[in-house]
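Worksheet for the structure shown next.
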Amino acid sequence: MTERRYPAVVIDHGKVQHNVKTVCDWCQEEGIFVAGVIKGANGMVSVAEDYVAGGAKMIASSRLEQLKRCKEKNLGVPLMMIRVPMMSELSELVQIADYSLNSEIATLRALDKAAADQGKIHNVVLMADLGDLREGFFDSEELVATAKEVEDTLPHLHLAGVGTNLGCYGSVMATEDKMQDLAEIAEAVEKEIGRPLEIVSGGATSSLMGVFGKYMPKKINMLRIGAAILTGPLEDMCTCYGYSEMNALSDEAFTLEAQVIEVKKKASHPIGQLGVDAFGQKPEYVDRGIRTRALVAIGRADYGDIGDLVPTILGMEVIGASGDHTILDIEDVKEPIKVGDIITFKLKYSAILRVTGSENVKRFERSK
Ligand SMILES: *Cc1c(COP(=O)(O)O)cnc(C)c1O
């Protein structure tokens, strides 16, 4: 048997697929299809395959490199670029992606040329900024006028629809009035161009609250979902929005395994004159006396922030980390922990993003 190597991120494809299918079923009941967003797992193609197997009708990412890998695998569903494209990537965008989200007429005009050069028609979705203040037209009249210009003057673009994004920069929630606003914009565009739109894209994981709340306007027929599927109910989002439906998802689709390299009783308050830590910060240390601690061989260089690691062993606490070491308080853990043991953590979104992208973290894929 080959020796397992650590640290390792374990991807449980059965659990990813369960999450995809659960989310797709919720959405389908409300007449909504899902674009599976793969950027949170660094665009792993095996995860994209789980999305398709679980019922996602499109694969989406903010990075062309990730969509390119999917295109090479021929997943059988359209690919969508969800970061408003750079001027410098338009010809690659046309080559790789079938759809893109857009918010600038200058880019759309250049995109039309890039598509013409390749003899293709590229599908675009115009983004409305409903107050979250990241991408999108802030002025809905400008969006409608742009839609008209695309329709009438850019023959190598097909205006496939409109969309919005919430809960990113501005933490704005996908409340009923926001979803209604988007539906009204879609209607205004349809009136202006004289035909129905195929896509009205109501947002990301944060818009699932409209699905749970059963208030999605009929017009909205697509959501772009990543986080819910990758993290399950671990994200702070579901506690904040209070939707228990999320508990049907697994929070163990991605877990992290790290090996214990030291176990000792130590003081809990540093000893000596205190300056700054490994990251130049001046943290507060609580003196809890002498405690048993385990050191594991993984650090912030691999996963980012200790708050994004969730121990699976009762009584274990992550108390600190440097770039390559993580310190666990195991004083209150019932079972014995010794050097060489493997410790498993659940992961929040940013940690999944980091560990799947780290060359130091091995990937272990558990097939369905
Ligand atoms: C990242 C992203 C998504 C997916 O967001 P999740 O919260 O991971 O579901 C959807 N749309 C856009 C434009 C994004 O950038």
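In listed order, ligands and their atoms are each counted from 1. These numbers were taken from a predicted model, which means no experiment stands behind them.
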Cut-off 3.5 Å, no hydrogens considered: what does the side-chain donor-acceptor table look like for residues 222-232, sequence neighbours left out?
{"from": "R224", "atom 1": "NH1", "to": "T164", "atom 2": "O", "distance (Å)": "3.2"}
{"from": "R224", "atom 1": "NH1", "to": "S201", "atom 2": "OG", "distance (Å)": "2.7"}
{"from": "R224", "atom 1": "NH2", "to": "T164", "atom 2": "O", "distance (Å)": "2.8"}
{"from": "R224", "atom 1": "NH2", "to": "N165", "atom 2": "OD1", "distance (Å)": "2.9"}
{"from": "T231", "atom 1": "OG1", "to": "A227", "atom 2": "O", "distance (Å)": "3.0"}

- Message: Using a strict threshold of under 4.0 Å (side-chain N to carboxylate O), is an ion pair present between E184 and K191?
- Response: no
- Hey, are D112 and R109 close enough for a salt bridge, meaning a charged N less than 4.0 Å from a carboxylate O? no
- Task: Indicate, with yes or no, if L154 and I193 share a hydrophobic cluster defined by side-chain heavy-atom contacts under 4.5 Å among Ile, Leu, Val, Met, Phe, Trp and Tyr.
- Result: yes
- Message: What I'd like to find out is whether the side chain of F137 reaches to under 4.5 Å of the side chain of I185, using heavy atoms alone.
- Response: no
- Message: Please confirm whether E135 approaches ligand 1 to less than 4.0 Å, judged on its heavy atoms.
- Response: yes
- Message: So is R134 touching ligand 1 or not, going by heavy atoms under 4.0 Å?
- Response: yes
Could you tabulate the donor-acceptor pairs under 3.5 Å formed by side-chain atoms of residues 67-93, not counting sequence neighbours?
{"from": "R69", "atom 1": "NH2", "to": "N42", "atom 2": "O", "distance (Å)": "2.8"}
{"from": "R69", "atom 1": "NH2", "to": "G43", "atom 2": "O", "distance (Å)": "3.4"}
{"from": "E89", "atom 1": "OE2", "to": "M86", "atom 2": "N", "distance (Å)": "2.9"}

Looking at [X], which atoms of ligand 1 are within less than 4.0 Å of one of its heavy atoms?
{"X": "I225", "answer": "9 (O)"}
{"X": "G226", "answer": "6 (P), 8 (O), 9 (O)"}
{"X": "A227", "answer": "6 (P), 7 (O), 8 (O), 9 (O)"}

- Message: For K265 and T292, which I'm curious about, is there any donor-acceptor pair between the side chains at under 3.5 Å?
- Response: yes
Heavy atoms only, cut-off 4.0 Å: how does [X] contact ligand 1, side chain, backbone, both, or neither?
{"X": "T205", "value": "both"}
{"X": "K39", "value": "side chain"}
{"X": "I82", "value": "both"}

- Query: N/O of M127 under 3.5 Å from N/O of ligand 1, yes or no?
  - Reply: no
